[in-house]
2 protein chains.
Amino acid sequence: MAANGSSIPPTTLSDQVLETLQAAIVEGELEPGQRLREPDLSKRFGVSRGPLREALRRLESRRLITTAPNTGARVVALSKTQLLALYDVREALEGMTCRLAAENISEEDLAGLSTLLDQHETELERQDGRDYFRQEGDLDFHFRIAMACGNSMLSTILCTDHYQLMRLYRYKFSASPGRPARALREHRRILEALYERDGELAEILMRRHIRHARDNVATLTEADVETPAANARNHP
Amino acid sequence: MAANGSSIPPTTLSDQVLETLQAAIVEGELEPGQRLREPDLSKRFGVSRGPLREALRRLESRRLITTAPNTGARVVALSKTQLLALYDVREALEGMTCRLAAENISEEDLAGLSTLLDQHETELERQDGRDYFRQEGDLDFHFRIAMACGNSMLSTILCTDHYQLMRLYRYKFSASPGRPARALREHRRILEALYERDGELAEILMRRHIRHARDNVATLTEADVETPAANARNHP
DNA sequence: CGAGCTCAAATTGTTGACAGAATTTCGCTT
DNA sequence: AAGCGAAATTCTGTCAACAATTTGAGCTCG
């Protein structure tokens, strides 16, 4: 079972385009709702439209772009409703992830999470206004738990699909004043539950944590503009 | 429940191949692990390899086929571990689905679920040996709840991705003797909770229901053969 | 001055052909 | 006769060109 871990990367052009284009979308280089014209992208990546279209189809499955026949692709633009829906999905999946992680996570990974939270604490003390990096750090915490839960299907769904969407929208909504500190405390409690191998508690705490984040977004976008662009044909 | 409601079906060749090929896989016409050669499929569907490859990429995202560079595609063949992992994902997602459905499902849909369960009861009395159709009916119950939960992301994930996989493996493991009757009772209780708009209870009952189904599979495959074919590179 | 129509340009959908990798076949050696 | 290795075949990855649809600019007309 050659896992080609080190030797050769038998990577296809479609794979490379997928990675690069996903990065461009998630890091905000391409704006939500922006139209993606195949000739443009084709020229940009130095690739013909064949592999490009395969990459687009995969990005569509990851919900990072939306497409409609004969009209092409656009960068996804979640409405407020859809963003909150994403949090509900995360609550369900990450709750389960956390329950399983309590049973399966290794001691090394637990130690790694512990040092990660220490880093977050020092960052939080130094620069409490800028929650920018904290947000990325928050996702890092969740990411590591997902990777260590021992259920490869869960890990893939969360890390490949949903976290990319979260990263895309992380820029949009900065946390409210007290949120980063509270989030850190919640992370600490979750980690305690993992140390004690208490899956039931770990799940409850993770679900509450994500629900708090959801509430934060819900109030911040109270009378906010629905992200306008081009998600007409999302749910017919 | 064909989409594109009324006017014109702006469907592309890739779409059609996706549907047809997915049906062939899910209904067992193509065996798990079987290799899918592009020229063969190309000829079979009367389509060139371009749209075909796009369809394959989407089926890969739906986890119905696995691919590796330069080696092509194969029909997915879940190991016992992966099948149980799928049940864990379902437990999380459908629990949440059920909670939301308790808040959002319409009276008509509730009535529809009620008559569906009545049908299942009569079927169960008539032919208790053949749980074949019951299994399909079981999925139908879950399918309808997913569609009515009011969270389009959850509906899509479950109906487009996971239920297809479940249908594929429904043939493999028939239920143990008393299971169909118990499953029906569990469905009835879930429906009661939905009628009472008790989201918390509905979630708990749905999770227990899916866990029971998981246990059923786990015991049935106790010393069973790992589905052999070709899922070497699934989690590197 | 704006709404609607027409036609041209650009874009998407699709195809067939070529290059390189993987698999199979066949012959050779021991 | 069995195992190994090399050549041939098949298949995947990629590209450039053709067909069909959409977009948008310019014009006409109310």
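Note that this is a predicted model, so its numbers are computed, not measured.
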- Are any of the side-chain heavy atoms of B:I157 and B:H162 separated by less than 4.5 Å? yes

- Task: Take the angle between the ring planes of A:H120 and A:H187 and call it parallel below 30°, perpendicular above 60°, tilted in between.
- Result: tilted

- Do B:I65 and B:V76 have side-chain heavy atoms sitting under 4.5 Å apart? no

- Expected output: side-chain A:E91 to main-chain A:D88 donor-acceptor under 3.5 Å: no

- Message: Between A:H142 and A:H209, is the ring centroid distance below 6.0 Å?
- Response: yes

- Query: How would you list, by chain and number, every residue that makes a salt bridge (charged side-chain N to carboxylate O under 4.0 Å, His left out) with B:D109, sequence neighbours excluded?
  - Reply: none

- Where chain B begins and ends its contact with DNA chain D, read 5' to 3' at 4.0 Å from heavy atoms: D:dC11 to D:dT14

- Message: For a 4.5 angstrom cut-off between non-hydrogen side-chain atoms, does A:R53 reach B:E54?
- Response: yes

- Message: I'd like to know if the side chain of A:T12 reaches the main chain of A:D15, judged simply by a donor and an acceptor atom lying under 3.5 Å from each other, with no hydrogens or angles considered.
- Response: no

- Message: Does the protein touch nucleotides 14-24 of chain C at the base, only the backbone, or not at all? Give it as B, S and - per nucleotide, heavy atoms under 4.0 Å.
- Response: BB-B---SSS-

- Message: Taking any heavy-atom pair under 4.0 Å as a contact, classify B:L36: base, sugar-phosphate, or nothing.
- Response: sugar-phosphate

